[in-house]
Participant: 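Sharing a structure with you now.
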Amino acid sequence: MNLTLKIWRQKNATSKGKFVTYKVNDISPNSSFLEMMDILNESLVTRGEDPVAFDHDCREGICGACSMYINGRPHGPDKAITTCQLHMRRFKDGDTIVIEPWRARPFPVLKDLIVDRTAFDKIIQAGGYISVNTGGIPDANAIPIPKVDADLSMDAAACIGCGACVAACKNASAMLFVSAKVSQFALLPQGRVEAAERVNNMVAEMDRLGFGNCTNTGACEAECPKEISISNIARMNREFLVAKLAAPKPRVDSGGGI
Amino acid sequence: MALKYSSITKKVIMALAGLFLISFLIVHLGINLLILKNDGRESFNMAAHFMVTNPVIQTMQWVLFGGFILHILLGIVLQLQNWMARPQRYKVEGYSHTSFFSKFMIHTGAVIFAFLIIHLVNFFFRAKFGEMPHIMINGEQYEDMGLLVIEKFRDLPYVLMYVVWLLFLGFHLDHAFHSALQSLGLNHSKYTPVAFGVSRALAILIAGGFILIPVLIFIS
Amino acid sequence: MAELNSKIPKGQLAEKWTHYKAHTNLVNPANKRRLEVIVVGTGLAGASAAASLAEMGFKVKNYCYQDSPRRAHSIAAQGGINAAKNYQNDGDSVYRLFYDTIKGGDYRAREANVYRLAEVSNSIIDQCVAQGVPFAREYGGLLDNRSFGGAQVSRTFYARGQTGQQLLLGAYSALSRQVKKGNVEMYARHEMLDVVLVEGRARGIIVRNLVTGAIERHAAHAVVLATGGYGNVFFLSTNAMGSNATAVWKAYKRGAFFGNPSFTQIHPTCIPVHGDFQSKLTLMSESLRNDGRIWVPKLKEDAEKIRHGKLKPTEIAEENRDYYLERRYPAFGNLVPRDVASRAAKERCDAGFGVGETGLAVYLDFSDAINRLGKSVIEARYGNLFQMYEKIVDEDPYKTPMMIYPAVHYTMGGLWVDYELMTSIPGLFAIGEANFSDHGANRLGASALMQGLADGYFVLPYTIQNYLSDQIRVPKFSPDLPEFKRTEAEATERLHKLMNVKGNQTVDSFHKRLGHIMWEYVGMARNEAGLKKAITDIQVLRAEFWKDVKITGELNEINPELEKAGRVADFLELGELMARDALDRNESCGGHFREEYQTPEGEALRDDQNLMYVSAWEFSGENQEPVLNKEPLNYEFVEVKQRNYK
């Protein structure tokens, strides 16, 4: 296959970027999208040009590193996959493909197609955990958990933190990401203990970082490579309302001297 | 104020105000449909009279105003924040599968608001502060709101303007009811699909019902 | 030759760890606050260690090359994690898990380490459940288990086909909590370039900030390497693109011994290679072997026709299929350990029965299971794996059997560590896949997650205190000491040297060539002549690399080509050591199969008389032959036998 690529090139976080057009030829339909990018980069390096920088690592759809906005959709035209799982057989010979980085104020571009997603880490740090230390834990089967709840929790926990939900949302909202973590724990008895505090803190951090507001368009759900449902957002809204109405006290860690 | 509250709180207020406005639209439509009743505008004018005189309704009027203003102002604040959240736009965008009208709530909302002002000037303020024709019903004198309506809707451009406006209202409502439930966290694997149906039905019935009135008046 | 002290506690097997914990030195809370620990890597071992140490009160600095600690490659582990809970009441016990692991490793691991691993396995499951890891459950609300290779009990806990992800996110959440509390300083997009020794002890690391390109010096009282394995030496492997050996290799060159470098695990169920452009291999979880049956055509003509696309696998009659694992190993069938399954696949393909366009594939067939259990059950168990397969291969595995072939997956070898997980450099620890310790010559399925978390949550936090307890009087280190500056200068010089080669060939092209050498001669089957050839070929390739590699871009910016070049330069040295170790080990054991040493039936033939030792290689200078140190393995409690899965 022969393709025309229009790729966002930006030298670093402070410089202005622009689209640059490249041609790639003889691409096998069986190669993955990132392998096509590898081939482009090999030819760029051989010509002494700077290859296109993009995040990628596991290349099996689970690490969440890859993040390309392809022809107007995060992770490209297929449903329920990451960019690394997209294969060239999905395109036609002669196609033009426009590749952009994720666009959101909390995700600044670092170079070309690489964006800084530290904002997601910060949201998790604000409360995306159950506050237990290592050791001194009761037996794993001490608390039975209904299979339905465990399964729903797993559905939410499948989030890979890639940021496609933010990229797809017309408001650059991070609600799907945040709600997935809130839901995972809200559905488990272990997570209920701190549920109110967690949702408060995570939502506050999300707002502080400058993500947009959710307007229930459902674009996030449609583009999520792990098909995480916006019912999680509803659950988070519910959890948040309940937490606000209950007005929890801010936490003071006494923490045994640690 | 609006800036201080969390995004979810704002959405919840937005949803509550929206639901309240939907309930108002239903009442409004119910009264309007009375004008189609062939009784010399009697029921309609009686209802209109009730609306402008009943103290409870008069109080609710201010609540309604508040609801409108809250819904509009919050809508603007949310939208500004949303635009700020993506300072650099995509070259190619909008190919994700979403409900179509959900993407244009601020636009449909703005159109509705613009027409709303005309609407208020023509009917509401007129009824409240302006000169009104009068009619005798059962020996008592009432303001003839019905006549005002019928005269207005004999004018074709005016009818067309209303139809367009109400279509936009329908578009806006298509993403209203279920979206409000979602914002309030009221979802359920079984009933949420029903809420989508209800939402669409409300959009069609409310917009359709309102459109029916100018169109029928114009034809007759 | 150096003296190797494995520091295995005395006493009965089952009492060693308890005894150790009861008598080891601890650090009191006030002193913990003053002691700093560097943890490199944020996978299962790194994240769990960093979080646990921080919870205890140590000041931790944690590093990863990814943009977020949550993306470490542990996330890609699919199948599950073993524990001796015996929830299924099928006769499991700590001893049985220990025994299976020792036997699965072909008697090339330390008894005491493996027993400790089995002992703490149960706590790991408790810990993860408490963290909110949504393991699979039965309708009664209790945890579900599945079976894995090399065991006759169901002891594997799982979260769909994403167990590694869920366990890692559990550790990541614990880590995030400590970052928020200020007990962990997190350095993402930082790659370790070297370890700094002060007076013979590990006191810090040199890292490159991958965004700015700045070289930084970081000091601490102890350094923990949790940097994973080195499977990417083979270019094509199931490892992540960024997985690299730089940290362990630099530690080796600073004096840490490298244990059993040749012990590589070739995983039997990967999606076969399909073209030159291919950048990585995708694993299909071993759990698939619970319900899938592996076969090739019985007749060579059929295999031939399939390869040319003239026949479909579904058209081959039952009697013309060779379920070779069930035939050769009736007791374990499709669930034989990985090394055995991989070699059996290679044997069939080499004999001309392979399928797929290249003839390098065998079938993994679910039709029996689908008929028996129904499609929905299979979908619930493996849905995401089937979907992944279909995305890559463009065939529906519910209808036509999957094609699989072995691929490099895990490295049992790694930095040599003692019972306390300390390398031969005082103050330098290695945990998880980065060390050599618990899997011997072959790792059983679902044991990598177990070992990573055991090391990080329950072993290192104890054993490191034994070292740190005599460091409490050592003041905080300054990274301005001359040792730091010298090491930094060396790291910087090496980067300049790489940039200044200005040759004509890309980094990837060298990596691919190295991969071919490794797969051909140091892969699934090895022999003396091949290994000798590999050593010279790698030396030639390495020389060519330093003369002709081409790296674009600058030092002070995001430069993926430079990152790759540094890693490949290290692989080019490590590959040679792997070949040397394989050449030294004149036997076949586990994943290490020397064609000269096999039974008449083609099974691995060990030499327990002469080779029952851990190879601990010692660096002795650039382009010098390394020194082989031997740690003898004494089996006090287990009778050493030939492995038998028949």
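All of these numbers come straight from a predicted model, not from anything done at the bench. Just so it is clear: chains get the letters A, B, ... in the order the sequence lines come, proteins before strands, and each one is counted from 1.
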Participant: What option among I8(B), T98(B), L78(B) has the most heavy-atom pairs under 4.5 Å with chain A?
Facilitator: I8(B)

Participant: Would you call the rings of F153(B) and Y162(B) parallel, tilted or perpendicular if under 30° counts as parallel and over 60° as perpendicular?
Facilitator: perpendicular

Participant: Check this for me, if you would: do R89(B) and E100(A) make a salt bridge, where the nitrogen-to-carboxylate-oxygen distance has to be below 4.0 angstrom?
Facilitator: no

Participant: Please evaluate residues S183(B) and M14(B) with respect to the criterion side-chain contact (heavy atoms from CB on, under 4.5 Å), reporting the C-alpha separation (whole Å), side-chain torsions for both, the decisive distance (0.1 Å), and the verdict.
Facilitator: CA-CA 9 Å; S183(B) 292; M14(B) 195 71 187; over 6 Å; no

Participant: Could you tell me which portion of P74(A) (side chain, backbone, both or neither) has an atom closer than 4.5 angstrom to a non-hydrogen atom of chain B?
Facilitator: side chain

Participant: What part of S189(B) lies closer than 4.5 angstrom to a heavy atom of chain A: side chain, backbone, both or neither?
Facilitator: neither

Participant: For the backbone of T82(A) and the side chain of Q85(A), can you confirm whether one donor and one acceptor N or O come within less than 3.5 Å of each other?
Facilitator: yes

Participant: Checking heavy atoms, do the side chain of D207(A), its backbone, both or neither come under 4.5 Å from chain B?
Facilitator: side chain

Participant: Mind ranking V203(A), I70(A), I233(A), N171(A) by heavy-atom pairs under 4.5 Å with chain B and telling me who comes out on top?
Facilitator: N171(A)

Participant: Between F19(A) and W8(A), how do the two ring planes meet: parallel, tilted or perpendicular, split at 30° and 60°?
Facilitator: perpendicular

Participant: Are E223(A) and R73(A) within salt-bridge range, i.e. N to O under 4.0 Å?
Facilitator: yes

Participant: Does any heavy atom of chain A fall under 4.5 Å from the side chain of H97(B), the backbone, both, or neither of them?
Facilitator: both

Participant: Can you find a heavy atom in the side chain of V98(A) that is under 4.5 Å from one in the side chain of Y90(B)?
Facilitator: no

Participant: Contact between L209(A) and R105(A) at the side-chain level, heavy atoms closer than 4.5 Å - yes or no?
Facilitator: no

Participant: In terms of heavy-atom pairs under 4.5 Å, which option from G212(A), A168(A), C169(A), A167(A) contacts chain B the most?
Facilitator: A167(A)

Participant: Specify which of Q88(B), H188(B), H178(B) makes the most heavy-atom pairs with chain A at under 4.5 Å.
Facilitator: Q88(B)

Participant: Taking Y69(A), F107(A), F240(A) one by one, which has the highest count of heavy-atom pairs under 4.5 Å against chain B?
Facilitator: Y69(A)

Participant: For chain B, which of A204(A), S231(A), G72(A), A172(A) has the most heavy-atom pairs under 4.5 Å?
Facilitator: G72(A)

Participant: Do you know which of G210(A), C214(A), C220(A) has the most heavy-atom pairs with chain B at a distance under 4.5 angstrom?
Facilitator: C214(A)

Participant: Contact part of K11(B) toward chain A, heavy-atom cut-off under 4.5 Å: side chain, backbone, both or neither?
Facilitator: side chain

